[in-house]
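Okay, structure first, notes after.
To find a chain, count down the sequence lines: A is the first, B the second, and so on, and within it residues start at 1.
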Amino acid sequence: MWRDAMLVCGKDLRIELRTRVLLWQVVPFGILTLVLFALALGPSATALQRGAPGLLWLALLFASVLATTRSASIEAPEGTRASIRLLGLDAGGVFLGKAAALAVQLLAIAAVLELGLLVFFHVNAARLGIASPLELCALAALAAVGTLYGAVVAGTDVAGTLLPLLVLPALAPVLIAGEKGTAAVLAGGGPGRWAIVLAVMAVAYLAVGTLLYGALEEPS
Amino acid sequence: MAPAVSLRAAVALLGQFPVLAGVDLDVEEGSVAAVLGPNGAGKTSLLFLVAGLLPMRSGTGRVLGCDLFGDRRDLRQKVGLLGHSPALYPELSATENLSFGLRAMRRPVADARAALERVGLTGRLATTPARTLSAGQSRRMGLAWLLARRPALWLLDEPHAGLDVPGRDLCDDVIEQAALGGATVLLTSHDPERAAKVSNQVVQLAGGAVVAASDGQRSPRVA
């Protein structure tokens, strides 16, 4: 399972490096979202700083939907799906590999968005750090949910519109915990229990995805 | 010896529609069988059923010793499919696609190069993204994949489609070599003459069922 996970993760990341969809579409979308949020809040530094944690995670959530849609589309063509199923890859390994690749991409997006916080929201994002436990757990949960629901809608004609409808409600708990933990860090404290909550969510989503992915890929 | 493929009254559905409505078919191991029929006859669905990719709704079916009701996952690793649409990943090159597949199947990655050379995909054609290849070149890539992974059962959906004359001759040669090597080949075609030439048996499919069967022109394999 782990070997297959690494193989699939490497493949997805190679495809992303080749196509640069993240760089030219998803990251600009995330930045644009932050800019629009900042414009909506107005010039008040207080309002911007107060809204920063929630809006960071909201922007990350929206960007993750795009990244998830892209990840799911890699295996969307029927010929590709059929060929992959004939390879005999471990279904759990495929799930973990795709989720890992998606998580790496989300980490890159998060890094850029934190820079955006500094520029547009006057927030000292250095406190958040890149790849903090809070962030890693949240991104793992985002990636797991996205990959799982990506398999649900794969091959349908309405994947592009159905996926956000499925993913966003499932990620609401991540949004809440991420916002709370980030707000606590920016206030000078630690993420506290919110990092633990996100870790539990990440483990739960990854476990469910590993168990269910094979069944989702199998036509009944 | 049991047939490589044995179907009795096989029924398969796509949604509620019976794409296969009671197929009876036997394909001996090491032989080549051609399935002909009009559009919508169920030829592609038959290949997907035999590959273990389409669930069987009723009837009985055994492919390479695997029960189509129970052992579909075990069956899939023994089967190679050349479908209508390009397989694998258009963003990766032919070499990268084959290498990925071979690594997934725990096979030597070095086999990819030899297979691509066999079908004439060398130099830039082997390293450029697969989406830039022509339809015929994509087809050749699909054949290369089968050559590299060497499955026990080859399922070819209109293998000559999109190929130029040398490509079609190459395809026939690959089919013959596969059968001589002990593989079983099941192919669909809209070219009855060429299909009969390379096959031991020819089956006519219509409305999801076999309506006629005849011998092909390929000599039976001597055990």
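Contact count versus chain B (heavy atoms, under 4.5 Å) is highest, among A:V8, A:I84, A:T19, for A:I84. Your options are B:G52, B:P129, B:A104, B:G142, and the one with the most heavy-atom pairs under 4.5 Å with chain A is B:A104.
B:F100 is linked by a ring pair (Phe, Tyr, Trp, His ring centres under 6.0 Å) to B:Y89, counting only residues two or more places apart in sequence or in another chain.
Residue pairs that meet the ring pair (Phe, Tyr, Trp, His ring centres under 6.0 Å) test with at least one member in residues 55-88 of chain A, sequence neighbours left out, do not exist here.
Within the 4.5 angstrom heavy-atom criterion, only backbone atoms of B:S93 (N, CA, C, O) approach chain A. When heavy atoms are compared at a cutoff of 4.5 Å, A:L89 approaches chain B solely by way of its side chain, counted from C-beta outward.
Between B:R103 and A:D4 there is no salt bridge, since no side-chain N of the basic residue sits under 4.0 Å from a carboxylate O of the acidic one. Salt-bridge formation is detected for the pair A:R18/B:E96: a Lys NZ or Arg NE/NH1/NH2 atom is positioned less than 4.0 Å from an Asp or Glu carboxylate oxygen.
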